[in-house]
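Written below as structure tokens is the structure these notes are about.
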Protein chains: 2
Amino acid sequence: MSADQLSRVFAALADPTRREIVSTLALGDATLVELSEPHDMSVQAVSKHLRVLEDAGLVTRSRDAQRRPAHLEAEVFDLMTKWIERYRREAEQRYQRLDALLKETKPKRGAKR
Amino acid sequence: MSADQLSRVFAALADPTRREIVSTLALGDATLVELSEPHDMSVQAVSKHLRVLEDAGLVTRSRDAQRRPAHLEAEVFDLMTKWIERYRREAEQRYQRLDALLKETKPKRGAKR
DNA sequence: TTCCTCCTCAACCAAATGGTTGAGAACAAC
DNA sequence: GTTGTTCTCAACCATTTGGTTGAGGAGGAA
């Protein structure tokens, strides 16, 4: 929906550490310390990454005593794929039209608006 | 392929201005000034955005006198969709397995590695 | 109670990001 | 030639980002 959320989702996945977190969570929910173990950085740093994923709506967190298990929200991926597919399809169609055109005539691309 | 390029592609699309540029280019190649007109910022600023898209491999540029028409490269989108689809599918499968499991027994999630 | 684990908050820092202005190269047109 | 357009480069600035350390709250276990 909002351009803002789309921006946050793309920005969240632009970081390799956060993509690894996502790939871990795809295998099952996990706590902060569990998510931190594979990474060579402080727990606080991973906590910040998790927060970014949460703000983007890619991750939700529940409560289990002092633990806060993180859970991957797969639906948000659809936001991206829809956006991507739209422009990929347009670009491909345009490419095919151009291709067809080239087979007939030698067009002079009129650049003006 | 490289995690680096994937990071650059996601980062490039995290900005609304750059997404608008992509959506414009999906309709056809365009020069810098043409791309700048709709945006309330300097040509140099748009040039920087275009550079980011270029570095991510989303855009290529040709040469026409002093003009440098930008062209959208649709193939790069596949990089993203492949990455996304992979984890979306995993997460969905896991969800369905968990769902099936819940219908049989009451499982205690063993959090330890 | 005391102790240990999990997590968060705050302050700080260096580097990257997104914008600006000004100068100038390359080229077409007059 | 001069003039105007397109684009790039460099310097600068404010804000954001991605990390650190230190302190401390909440809660289970001894």
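What you see below is based on every heavy atom in this structure, not just the backbone, and it leaves out hydrogens, waters and symmetry mates. All chains are named by letter (A, B, ...) in the order of the sequence lines, taking the proteins before the strands, and each is independently numbered beginning at 1.
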What closest approach, in Å, do [X] and [Y] show between heavy atoms, and which atom pair accounts for it?
X: B/G57; Y: B/V76; answer: O-CG2, 2.9 Å
X: A/E73; Y: A/T60; answer: OE2-OG1, 2.9 Å
X: B/L13; Y: A/F10; answer: O-CD1, 3.3 Å

Looking at the side chain of [X], which of [options] is the nearest nucleotide?
X: B/Q66; options: C/dC27, C/dG19, D/dG18; result: C/dC27
X: A/Q44; options: C/dA23, D/dG18, C/dT8; result: C/dT8
X: B/M41; options: D/dT8, C/dT20, C/dC6; result: C/dT20

Distance-only, no hydrogens or angles: does the A/S47 side chain make a donor-acceptor pair with backbone N or O of A/V43 under 3.5 Å? no
Nearest-angstrom distance from the residue atom [atom1] of [X] to [atom2] of [N]:
X: A/K48; N: C/dC13; atom1: NZ; atom2: C1'; answer: 10 Å
X: B/E37; N: D/dT5; atom1: CD; atom2: C1'; answer: 12 Å
X: B/R51; N: D/dC9; atom1: CZ; atom2: P; answer: 7 Å
X: B/H39; N: C/dG18; atom1: NE2; atom2: P; answer: 14 Å
X: A/D64; N: C/dC6; atom1: CG; atom2: P; answer: 12 Å
X: A/L50; N: C/dC6; atom1: CG; atom2: C1'; answer: 13 Å
X: A/R63; N: D/dA26; atom1: CZ; atom2: P; answer: 10 Å
X: A/E34; N: C/dT5; atom1: CD; atom2: P; answer: 15 Å

Using a 4.0 Å heavy-atom cut-off across all strands, classify [X] as base, sugar-phosphate, or nothing.
X: A/A65; value: sugar-phosphate
X: A/R61; value: sugar-phosphate
X: A/S42; value: base

If you measure from OG1 on A/T81 to CZ on B/F77, what distance do you get to the nearest 0.5 Å? 12.5 Å
Using a cut-off of strictly less than 4.0 Å between a heavy atom of the residue and any atom of DNA chain C, enumerate the qualifying residues of residues 10-27 of chain B by number. B/D15, B/R18
Does OP1 or OP2 of C/dC7 have a side-chain N or O of A/S47 closer than 4.0 Å? no
Any side-chain N or O of A/R68 less than 4.0 Å from the OP1 or OP2 oxygen of C/dT8? yes
Taking atom types as modelled and ignoring hydrogens, do the side chains of B/R19 and A/S7 form a donor-acceptor contact shorter than 3.5 angstrom? yes
Apply salt bridge (Lys or Arg N to Asp or Glu O under 4.0 Å) to the pair A/E54 and A/R51, showing each step before the final yes or no. CA-CA 5 Å; A/E54 216 179 338; A/R51 183 71 138 75; 5.1 Å; no
